[in-house]
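Okay, so here's the structure we're looking at.
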Amino acid sequence: GISANNDGLNDVFDLSGLGVRELKIYNRYGVEVYSRRNYVNEWTGLSNNGQELPDATYYYVITKDDGESISGWIYINRSN
């Protein structure tokens with residue numbers, strides 16, 4: 001998960017070194033809340049329009065440079 005509370009620890013979803021062509025993140029209702037091409041480590045728990053997403057479980061789909069797709073979940077927890 002990510003804490004996304006600007007304390008310098010686990011603030012971003014770090015996928016560096018994975019060769020991510022595209023990352024898509026969805027909320028529990030299946031609505032896409034974030035997407036980025038050539039992703040490395042930019043997602044800090046904000047939506048595409050810059051709104052802070054609530055603490056919750058989100059689902060991701062990663063498309064790697066080699067065409068492989070990986071999916072899973074990530075939790076945002078901003079509480080200290």
Side-chain angles (χ1 to χ4, degrees):
I2 62 172
S3 60
N5 59 4
N6 296 317
D7 66 358
L9 303 170
N10 296 322
D11 287 331
V12 297
F13 190 31
D14 187 356
L15 300 175
S16 56
L18 290 180
V20 176
R21 181 185 319 152
E22 184 173 38
L23 169 68
K24 292 187 177 198
I25 297 180
Y26 301 88
N27 66 16
R28 65 181 175 175
Y29 303 110
V31 175
E32 183 181 298
V33 294
Y34 180 85
S35 65
R36 174 84 56 184
R37 291 191 175 277
N38 302 313
Y39 181 89
V40 177
N41 62 350
E42 296 98 348
W43 189 57
T44 60
L46 300 179
S47 68
N48 280 329
N49 61 8
Q51 298 294 315
E52 190 173 275
L53 295 167
D55 290 6
T57 301
Y58 294 86
Y59 302 89
Y60 63 81
V61 176
I62 296 168
T63 304
K64 294 176 57 177
D65 289 335
D66 64 6
E68 178 185 7
S69 289
I70 301 170
S71 61
W73 60 272
I74 186 164
Y75 188 76
I76 296 176
N77 183 11
R78 290 185 177 83
S79 301
N80 291 329

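Note that this is a predicted model, so its numbers are computed, not measured.
- Contact record, E68 with D66: N-OD1, 2.9 Å, taken as the closest heavy-atom pair.
- Residues N6 and D11 approach most closely at N-OD1, 3.2 Å, considering heavy atoms.
- Residues T63 and S69 form a side-chain contact, since some pair of their non-hydrogen atoms from C-beta on lies under 4.5 Å apart.
- Screening residues 48-60 for side chain to side chain donor-acceptor pair (under 3.5 Å) gives S47-N49 as the qualifying pairs, with residues at least two apart or on separate chains.
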Which atom pairs, donor and acceptor, lie under 3.5 Å between side-chain atoms of residues 22-31 and protein residues at least two apart or in another chain?
residue: N27; atom: OD1; partner: Y29; partner atom: N; Å: 2.9
residue: N27; atom: OD1; partner: G30; partner atom: N; Å: 3.2
residue: N27; atom: OD1; partner: V31; partner atom: N; Å: 3.0

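- Cluster membership check: L53 does not share its hydrophobic cluster with V61, using side-chain heavy-atom separations under 4.5 Å among Ile, Leu, Val, Met, Phe, Trp and Tyr.
- The shortest heavy-atom contact between I76 and R78 is CG2-NH1, 3.3 Å.
- Clustering ILVMFWY residues whenever any of their side-chain heavy atoms sit less than 4.5 angstrom apart, transitively, puts L18 in the very cluster that holds Y34.
- Linking ILVMFWY residues whenever their side-chain heavy atoms come closer than 4.5 Å, directly or via other members, places I2 and I70 in the same cluster.
- Between I74 and W43 the shortest side-chain heavy-atom distance falls below 4.5 Å.
- Within the 3.5 Å criterion, the main-chain N or O of L9 finds a donor-acceptor partner in the side chain of S3.
- Side-chain atoms of Y39 come within 3.5 Å of backbone N or O of F13 as a donor-acceptor pair.
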